[in-house]
2 protein chains.
Amino acid sequence: MVISSQNAPRNSLLSRMPPDDHAAILAVLERVELRRKDVLARPNEPLTHVHFLESGVASVVVGTRDRRRIEVGIIGSEGATGLPLLFDVDSTPHETFIQIDGEALRMSKAAFCGLIEQRPAFRKVMMRYAHIFQLFTAQTALSHGSYTLEERLARWLLMCHDRVEGDEFPITHEFLSVMLGVHRPGVTTTIHILEGAGTIRARRSHIEIVDREKLELIAGDSYGIPEAEYRRLITDDVVPEP
Amino acid sequence: MVISSQNAPRNSLLSRMPPDDHAAILAVLERVELRRKDVLARPNEPLTHVHFLESGVASVVVGTRDRRRIEVGIIGSEGATGLPLLFDVDSTPHETFIQIDGEALRMSKAAFCGLIEQRPAFRKVMMRYAHIFQLFTAQTALSHGSYTLEERLARWLLMCHDRVEGDEFPITHEFLSVMLGVHRPGVTTTIHILEGAGTIRARRSHIEIVDREKLELIAGDSYGIPEAEYRRLITDDVVPEP
DNA sequence: AACTTTATGTGCGTAATCGTACGTCTGGCT
DNA sequence: AGCCAGACGTACGATTACGCACATAAAGTT
């Protein structure tokens, strides 16, 4: 279906799974469409599936009773949702929803847990990814504590750019303000600054990355650490050939 | 030695390990002293041990080339250091050091990996803890993005209070400023505010919690979510008796 | 006791961001 | 063509925290 020699999966985690496990993984995957605002995991409700994104972007946010919300993780075709199931945890206070339309291959909780138990290599890839996801969350904490809105916005746009095809993607200031934990007018102003610097071009509900290098300069060290670890631990890790 | 019916381990994770695994775990543990500023894990250097704290407090911080540092995790007798080893990862960009003196039971990387492979119940307890550690990091990101310094300081003091015996612990404003990612004079001022409200008493290098309830009111929803999940997933989880 | 280190107290101009309130534009719908 | 909701632009006082600079004070050192 999806995993074969000619047709490699577009999800980076699936493409790193050892060949011996391909058939078992393939058998339990199901393709689904992802639309903006779709909720993949409701806070404190049982998780039902693990989604391996093939395109599009999902966000993991934490919220409180007093209505504050902030993004603590971002997922594209490099990752998967539903990590708590890997940890023998049935639900989490975090919410996962779709930020940018796309597609995913998903498997049920039962299928996922079965593979985790029976396929150590599958488990190892997922655990390495879980570690990197943790690094992303930590980097977000650092960003919110130590960097300006301009730097954080540059970081977010870079992370989004890493996860979409092409240089343009749909996103509203309103969404960005939730992601970054700031008020909406502040996003508008800061977008104009980045636009004035020639790094991006903004249209209604759309942002285009024009000069990625300059954006990376602006983001500074708020961007890059988890990304480097992903390359070291997953992309560059040697997988035995079939 | 440590794990026995009369002498339960003071580390909450070890005390949750299934009885069948006690002997195997006990055999590889070694007691060590922890002194302030001791480094348990250097950034990007191979991890050598997993430490199960029995007393004292450790901090996990992320730092950048441009000298910014911030705490992304805190560990006491409820947890353990070296989680990347659980994820099949040999090193991490984060640094772990001792914040408050104490003791730990540690095991070597090899011993830990062996137990992870051969003792599924041991692995499950560790994985649940790893999930909660992730929640702490996420909550920290939320705190830095959405709460004032006063609220964040109250949260940190509560988390520290949860991990020490008694109501007083040694901590300097300088350390707190690193933990919270703010400048040091800001900590001093905010400590005075909390002291003025009658919640704490501050001496040179020491802080005493006087009114915990009021401190929790000040911290608001910046405190409590990961703590509740720890209780749900670890403390209240039923473990088969010997 | 003099000295050094470490820790704390304080002030003040500046920058970043909030909170709030409007006004305007765009694209889809009827 | 007209309507409407969602998205964007702008302004401004208030608040929070930064970034210095410097004074004081407590503990350890010799």
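Letters A, B, ... mirror the listed sequences (proteins, then strands); counts begin at 1. Computed over heavy atoms, backbone and side chain alike; hydrogens, waters and symmetry mates excluded.
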Participant: Check whether any side-chain heavy atom of Val60(B) lies under 4.5 Å from a side-chain heavy atom of Thr92(B), and answer yes or no.
Facilitator: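 Not in contact.
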
Participant: In whole Å, what is the span from the CD1 atom of Ile191(A) to the P atom of dG9(D)?
Facilitator: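 About 8 Å, once rounded to whole Å.
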
Participant: Provide, to the nearest angstrom, the distance between the CD1 atom belonging to Ile193(B) and the C1' atom belonging to dT10(C).
Facilitator: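 After rounding, the reported distance stands at 14 Å.
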
Participant: Any luck finding a side-chain donor-acceptor pair between His49(A) and Ser108(A) under 3.5 Å?
Facilitator: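 The answer is no; no qualifying pair exists.
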
Participant: Just how far, in rounded Å, is P of dT16(D) from NE2 of His144(B)?
Facilitator: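 So the NE2-P distance, His144(B) to dT16(D), works out to 17 Å.
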
Participant: CZ of Phe175(B) versus P of dT8(C): gap in Å, rounded?
Facilitator: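 Rounded to the whole Å, the gap is 11 Å.
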
Participant: On DNA chain C, nearest-nucleotide positions of Val182(A) versus Arg203(B): which is more 5'?
Facilitator: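 Whichever sits nearer the 5' end wins; that is Arg203(B).
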
Participant: Can you confirm if the aromatic rings of Phe169(B) and Phe175(B) lie within a centre distance of less than 6.0 Å?
Facilitator: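 No, the ring of Phe175(B) stays outside the 6.0 Å limit from the ring of Phe169(B), centre to centre.
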
Participant: Are Arg203(B) and Glu208(B) ion-paired here, with the side-chain N under 4.0 Å from a carboxylate O?
Facilitator: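 No, Arg203(B) and Glu208(B) are not salt-bridged.
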
Participant: For a quick check, tell me whether the side chain of Arg204(A) and the base of dT26(C) share a donor-acceptor pair closer than 3.5 Å.
Facilitator: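 Flag set: donor-acceptor pair detected.
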
Participant: What is the distance, rounded to the nearest whole Å, between atom NE2 of His183(B) and atom P of dA7(C)?
Facilitator: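 Going from His183(B) (NE2) to dA7(C) (P), I get 18 Å.
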
Participant: Under 4.0 Å, counting only non-hydrogen atoms across every strand here, what does His173(A) touch: a base, just sugar-phosphate, or nothing?
Facilitator: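 Sugar-phosphate: the residue His173(A), judged by heavy atoms under 4.0 Å, touches backbone atoms but no base.
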
Participant: Reckon Leu149(A) touches a base, only the sugar-phosphate, or nothing at all at heavy-atom distances under 4.0 Å?
Facilitator: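 Leu149(A): backbone/sugar contact only, no base atoms under 4.0 Å.
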
Participant: dA7(D) P sits how many Å from Leu176(A) CG, rounded?
Facilitator: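 Atom CG in Leu176(A) sits about 12 Å away from atom P in dA7(D).
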
Participant: Let me know, please, whether Gly186(B) or Ser205(A) comes out on the 5' side of the other along DNA chain D by nearest nucleotide.
Facilitator: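 Nearer the 5' end of the strand: Ser205(A).
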
Participant: Ignoring hydrogens and angles, are the base of dG9(D) and the side chain of Arg184(A) linked by a donor-acceptor pair under 3.5 Å?
Facilitator: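 When only heavy-atom distances are counted, Arg184(A) does reach the base of dG9(D) through a donor-acceptor pair under 3.5 Å.
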
Participant: For His192(B) and dA7(C), what is the distance between atoms NE2 and P respectively, to the nearest whole Å?
Facilitator: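 Those two atoms, NE2 and P, are 16 Å apart.
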
Participant: Output yes when Arg212(B) and Glu216(B) qualify as a salt bridge under the 4.0 Å nitrogen-oxygen rule, no when they do not.
Facilitator: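 Looking at Glu216(B) together with Arg212(B), the answer is yes, because their closest N to O distance falls below 4.0 Å.
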
Participant: Across the strands shown, which category fits Arg36(A) at heavy-atom distances under 4.0 angstrom: base, sugar-phosphate, nothing?
Facilitator: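 Sugar-phosphate, no base atom in range.
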
Participant: Given atom CZ of Arg152(B) and atom C1' of dT16(D), what is their separation to the nearest angstrom?
Facilitator: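 The distance from CZ of Arg152(B) to C1' of dT16(D) comes to 10 Å, rounded to the nearest Å.
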
